[in-house]
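Worksheet: one structure, shown below.
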Amino acid sequence: MHSNKKRICLYLKIWITHIIFYYFLESLFFLNHIYIENTFKLPAKKIITTILGSSIIGFFGLFDGFPFFVLIPIIIMILLKLKMNSYFKSYFLSLIIAYFFLFIFYGFKTENFEFIVIGIIITMLINYLILRRTYQKLANEKK
C-alpha cells in the first residue's frame, strides 16, 4: 500500500511540475509573441496577471486552444504506465502522443508549434531534474 501512495504522489508531482513550468513558459512565449508582433500593447498589470495565472489559464486550455487539454496526456500516461516500467518514458510518450493528435486534429499555427516544442523540451528537462531521484528510487524498488 505504501508503494501505491508513492506512485500516486509521483503522478501528482509529475503533472503539477508540468502544469506549472510548461504553462509558465507558454505564457512567456505568448507575451513575447504579442510584443514582437505589436498587435496590441498590454498593460503591466495584465502581463503580471497572465504570468502569475499561467498555470490556471493553461489548465483550462487557453494556451493549447483545447479546453482541459492537459487531462488528455495525463490519461495517456496512466494507460502507458500499465505497459511500461518507466514513469519518465511514459510521461515523455504521453506528451508526444497527445500533442501529435492535437496537431493532427486541431492544427497549430506555425509560430505556436515551435513554442510548444520548445516548451515541452524545457519542461521535460526541468521535470527530470526535479524528480530524478524519485524516478531512480522507484526504478530500484522494482529490481
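Numbering of residues begins at 1 and proceeds along the displayed sequence.
Under a hydrophobic clustering in which Ile, Leu, Val, Met, Phe, Trp and Tyr are joined whenever their side-chain heavy atoms come within less than 4.5 Å, directly or via other members, L82 and Y87 fall into different clusters. Hydrophobic clustering (ILVMFWY, side-chain heavy atoms < 4.5 Å, transitive): L10 and L79 are in distinct clusters. Both F21 and I56 belong to a common hydrophobic cluster when Ile, Leu, Val, Met, Phe, Trp and Tyr are linked at side-chain heavy-atom distances under 4.5 angstrom. A chain of hydrophobic side-chain contacts below 4.5 Å, direct or via other Ile, Leu, Val, Met, Phe, Trp or Tyr residues, connects I78 to F100. Both I96 and I19 sit in one connected hydrophobic cluster of ILVMFWY residues. Membership requires side-chain heavy atoms under 4.5 Å apart, directly or through other members.
Residues satisfying the ring pair (Phe, Tyr, Trp, His ring centres under 6.0 Å) test with F92, not counting sequence neighbours, are none. With sequence neighbours left out, the side chain to side chain contact (heavy atoms under 4.5 Å, CB included) criterion links L80 to I76, M84, S90, L93, S94, I97.
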Show your working on side-chain contact (heavy atoms from CB on, under 4.5 Å) between V70 and Y23 and close with a plain yes or no.
CA-CA 10 Å; V70 75; Y23 291 116; 3.9 Å; yes
Show your working on side-chain contact (heavy atoms from CB on, under 4.5 Å) between I116 and E26 and close with a plain yes or no.
CA-CA 7 Å; I116 288 170; E26 289 301 307; 4.0 Å; yes
When the side chains of residues 117-134 are checked against the rest of the protein, which donor-acceptor pairs come out under 3.5 Å, sequence neighbours left out?
| residue | atom | partner | partner atom | Å |
| --- | --- | --- | --- | --- |
| T123 | OG1 | G119 | O | 2.6 |
| N127 | OD1 | Y135 | OH | 2.8 |
| N127 | ND2 | I14 | O | 3.2 |

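The only member of W15, Y91, F101 that meets side-chain contact (heavy atoms from CB on, under 4.5 Å) when paired with P73 is W15.
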